[in-house]
Amino acid sequence: MRLATWNINGLRARLDFVLHWLKSRQPDIVGLQELKIEEDQFPRRVFEAAGYSTLVHSQKAWNGVAILSRDPMELVTEGLPGQEKYGARLIGARSKELSFLTVYCPNGKSVDHSDFPLKLAWFDGLQAFLEKEHSPHKALVLCGDLNLCPSPKDTWNEKVSKGKIFHTPEERERFQSLIDWGLMDLYRNKYPDEIKYSWWDYRGGAFHLNQGLRIDFLLGTEAIVQRVQDVVIDRDYRKKKDGMTTSDHTPVYVDLCF
DNA sequence: ATGTCGGAATTATTCCGA
């Protein structure tokens, strides 16, 4: 079973690209973030024709998350409880094998911006939600764009960026709280010393220079970790395909022996 | 080069967010 996460940066602009990737990689469950589309504009039938059931929690212009699945999943959660006003950023579903949550965490802009404490509060809300509604002793995958670099290995320039947005102790503490609760970073667990990124700025040839960040994650509980075969940061899909423009994020997927 | 995108508001240009 192949599970994936991908911040697509606008579904209308990315639909053909996403379909190309689905056909090529054949994932079973996908968490998508940054749809930037109203729910009633979501191209449900296009995904159904490609073989996927869809669950969507979205809004006009910004944010928006969805779950695509080969087998229909049961919708469990739409929106992070207590944090709904910060946008459509969480959706959760369940299959017979596992619970699957996908999130688009707030960016925060900069440490001195009023969005920064809101970002931290959003993570605190996520932590409280997990503690209340989920168990580290069950099969759970939490994936998405966390908008933070957990360690110096996850950023191209810790020296310059340390203490700045995505690189602060406060954000890293929030990430560590998720780990302490019972989630593992599936990529880092499999590849402790690899330096690979999942996001590169559109500007300044950052992708070509490999000036990236690893901010897109698949986190899993112990029951998931035991089933991991491989974890792939699918860098090839940060490159143009047939003239189609890419997201600034690339997909990340895990193969599980279910 | 504050260098690129996607989307909204408004109608080809500017703004906002990332």
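Residue numbers start from 1 in every chain, and the chains themselves are labelled A, B, ... in the order their sequence lines are given, proteins ahead of strands.
For residues 171-192 of chain A, every residue pair satisfying the ring pair (Phe, Tyr, Trp, His ring centres under 6.0 Å) rule, not counting sequence neighbours, is listed here: A:F175-A:F217, A:Y187-A:Y191.
Straight-line distance between the C1' atoms of B:dA12 and B:dG7: roughly 15 Å, to the nearest whole Å. Atom C1' of B:dG3 sits at a distance of 25 Å from the matching atom of B:dA9, rounded to the whole Å. Across the P atoms, B:dA1 and B:dT13 are found 26 Å apart, a figure rounded to whole Å. When the P atom is compared between B:dT10 and B:dG6, the two are found 22 Å apart, to the nearest whole Å.
Between A:R12 and B:dG6, a side-chain N or O to OP1/OP2 separation shorter than 4.0 Å is absent.
For A:A61, the side-chain atoms get nearest to B:dG7 when compared with the rest of B:dA9, B:dC5, B:dG7.
Using a cutoff of 4.0 Å between basic side-chain nitrogens and carboxylate oxygens, A:E158 and A:R172 are scored as salt-bridged. The existence of a salt bridge linking A:R214 and A:D185 is confirmed by a sub-4.0 Å separation between a basic side-chain nitrogen and an acidic carboxylate oxygen. At a threshold of 4.0 Å, the pair A:R2-A:D255 counts as salt-bridged, since one of the basic side-chain nitrogens sits closer than that to a carboxylate oxygen.
Nucleic acid contact class of A:S247 (heavy atoms, under 4.0 Å, all strands): none.
Aromatic ring centres of A:W200 and A:W156: separated by at least 6.0 Å. Note: A:Y237 and A:F17 meet the aromatic proximity criterion, with ring centroids under 6.0 Å apart.
Note: CD (A:Q59) to C1' (B:dG7) measures 13 Å, nearest angstrom. In this structure, the CZ atom of A:F17 is 14 Å from the C1' atom of B:dC5, given to the nearest Å. The separation between A:E38 atom CD and B:dG6 atom P is 19 Å, rounded to whole Å.
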Considering only nitrogen or oxygen atoms on both sides, find all protein atoms under 3.5 Å from nucleotides 11-18 of chain B and state each distance.
residue : atom : partner : partner atom : Å
B:dA18  : OP2  : A:K109  : NZ           : 3.1

